[in-house]
Protein chains: 2
Amino acid sequence: MSAQIDKKETTGFSEDEVLRQIEQAVLDHRLPPGTKLKEVQLANLFGVKRGTIRKVLTRLAHSRLVDQTPNRGATVAKPSVKEGRDLFATRRVIESAILETLVASADDRMIRHLKKLLEREEKAYRRGDSELALKLSIDFHRELAAMAGNSVLEEYLNDIIRRTPLVILTHLGNDKENRCRNQEHVAIVDAIEQGKAKKAVKIMHRHLLQIESKIQHKPETPQTDLATLLRPPGERVPA
Amino acid sequence: MSAQIDKKETTGFSEDEVLRQIEQAVLDHRLPPGTKLKEVQLANLFGVKRGTIRKVLTRLAHSRLVDQTPNRGATVAKPSVKEGRDLFATRRVIESAILETLVASADDRMIRHLKKLLEREEKAYRRGDSELALKLSIDFHRELAAMAGNSVLEEYLNDIIRRTPLVILTHLGNDKENRCRNQEHVAIVDAIEQGKAKKAVKIMHRHLLQIESKIQHKPETPQTDLATLLRPPGERVPA
DNA sequence: GAATTTAAAATTGTTAACAATATATCATCA
DNA sequence: TGATGATATATTGTTAACAATTTTAAATTC
């Protein structure tokens, strides 16, 4: 009744590629929290051995993107309200530190690069391409972290960013409201350009609190679905 | 020439226990950076299968305590000067946030508990038991993190604490100077008790900068030795 | 003797078969 | 019907044997 998922022809991915694809699926809000992740199913989907999937799941569990329980396999993690709050609070701390560092060393080239990113982001918003807009919004935050030049801060922010979609999906639903506002990104870059660290931090705080303030009620538990949602482009559905 | 390390009789540890023992060995400055970690050797030492060691090494690599290179195995990580600086800079950020949070919610019970810890720490210092003093000093920082009540901040601080010995050993040597000073810990608790967050943060900054300022020169590369240093208590050496 | 090549040993990486556990299916009975 | 228990299936966990690679050692050549 739930047997053959073919897909043997694909060339086969490396362990890192599989990991990144799953992480990307979470970032894109395609993998709802609570989704069961069966080893053989994933192995077939990606055209790899079960052992590879096994290692990937362990790594994902280590970064708290999946929950692993002995003998019962892995599911996409479902952060608690508490964890969600802690995550956002920590994010404010990390992003503030990034901005303080960045303002001290920002040059024209960086500012220009950031503004180019923001233009693309705004264009995506106007065009109504919310998928691309979300991606570019994430890129903006990541770019700030990379520019600050502290690899550990960058590492931690990326960790938080990866976990954030799970918090949003479990405690906010998939509303369009819960996205970064391009306008605020612009204001942050302006503050950086002016060398006003405190101002940049203040805007960033408001920016993050806007989303954070909403995570308190958990509306309902949506039913999990099959894992064909791992493939971003059009894909055929096996018989 | 480097063949049989017996040790088959031991009861055998679980995966998590093996992980913790290795982490503890790093914390205790018993595992110098660069030490080769051979799978079968570790498997024999802990009385577990090679697969278990393999998973543990992967997990340790994920938290950057070991470096893994394909086909060439794992070694205890050797952080660069840059990584060391970034680590300490981030630690200041995290510990500051912890203190700010903590001061807002500290009660008498917490203060009393902290003071008790400090007494034990001071006693260990006076007695000259620098091993215990180091351990208690780490406990102090961890306790602050736990009391703040933000699980993500706590998680990150623990991550940093685990990696810190590797930075110290590679770029500072094993001097007694590079340890936390009990006196400063006392001053931090006093500031918390008085509800002065800014003051506590300032002391903490000075506290951490004192160590951080020294990581610039890397004296030499000490030779790696065998991994019998994994056992804290007295152990027999096989023929 | 130093450098290069060849062979041996040690170490890591992979796989398929098996074992253990959990989940689903179905029959039985109150 | 609904609960209980037995059987079958599906899923995860483990292991030992094998393959691939690197490191070490020895042999050869100049």
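Letters A, B, ... mirror the listed sequences (proteins, then strands); counts begin at 1.
Between A:Arg163 and B:Glu155 a salt bridge is recorded (basic side-chain N to carboxylate O distance below 4.0 Å). Electrostatic pairing of B:Asp16 and B:Arg59 counts as a salt bridge here, judged by a charged N lying under 4.0 Å from a carboxylate O. Using a 4.0 Å cut-off between charged side-chain N and carboxylate O, B:Glu83 and B:Arg64 make no salt bridge.
Ring pair B:His141/B:His207 is parallel by interplanar angle, where below 30° counts as parallel and above 60° as perpendicular.
Phosphate proximity of D:dA16 to B:Lys49: present, with a side-chain N or O under 4.0 Å from OP1 or OP2. Applying the 4.0 Å criterion to OP1 and OP2 of C:dT12, one finds that B:Arg54 has every side-chain N and O outside that range. An OP1 or OP2 oxygen of C:dA22 is reached within less than 4.0 angstrom by no side-chain nitrogen or oxygen of A:Lys38.
For the helix from C:dG1-D:dC30 to C:dA30-D:dT1, the angle separating the two terminal helix axes comes to 10°, with each axis derived from five pairs and the value rounded to 10°.
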Sugar-phosphate atoms are those with a prime plus P, OP1 and OP2; base atoms are the rest. Using that split, label each nucleotide of nucleotides 17-23 of chain D B, S or - for protein heavy atoms under 4.0 Å, 5' to 3'. ----SSS
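Looking at heavy-atom distances under 4.0 Å, B:Gly51 makes no contact with the nucleic acid at all.
At distances below 3.5 Å, at least one donor-acceptor pair connects side-chain atoms of A:Ser213 with backbone N or O atoms of A:Leu209.
For B:Glu17, the CD atom counts as densely surrounded, since its 6.0 Å shell holds more than 12 non-hydrogen atoms of other residues, nucleotides or ligands.
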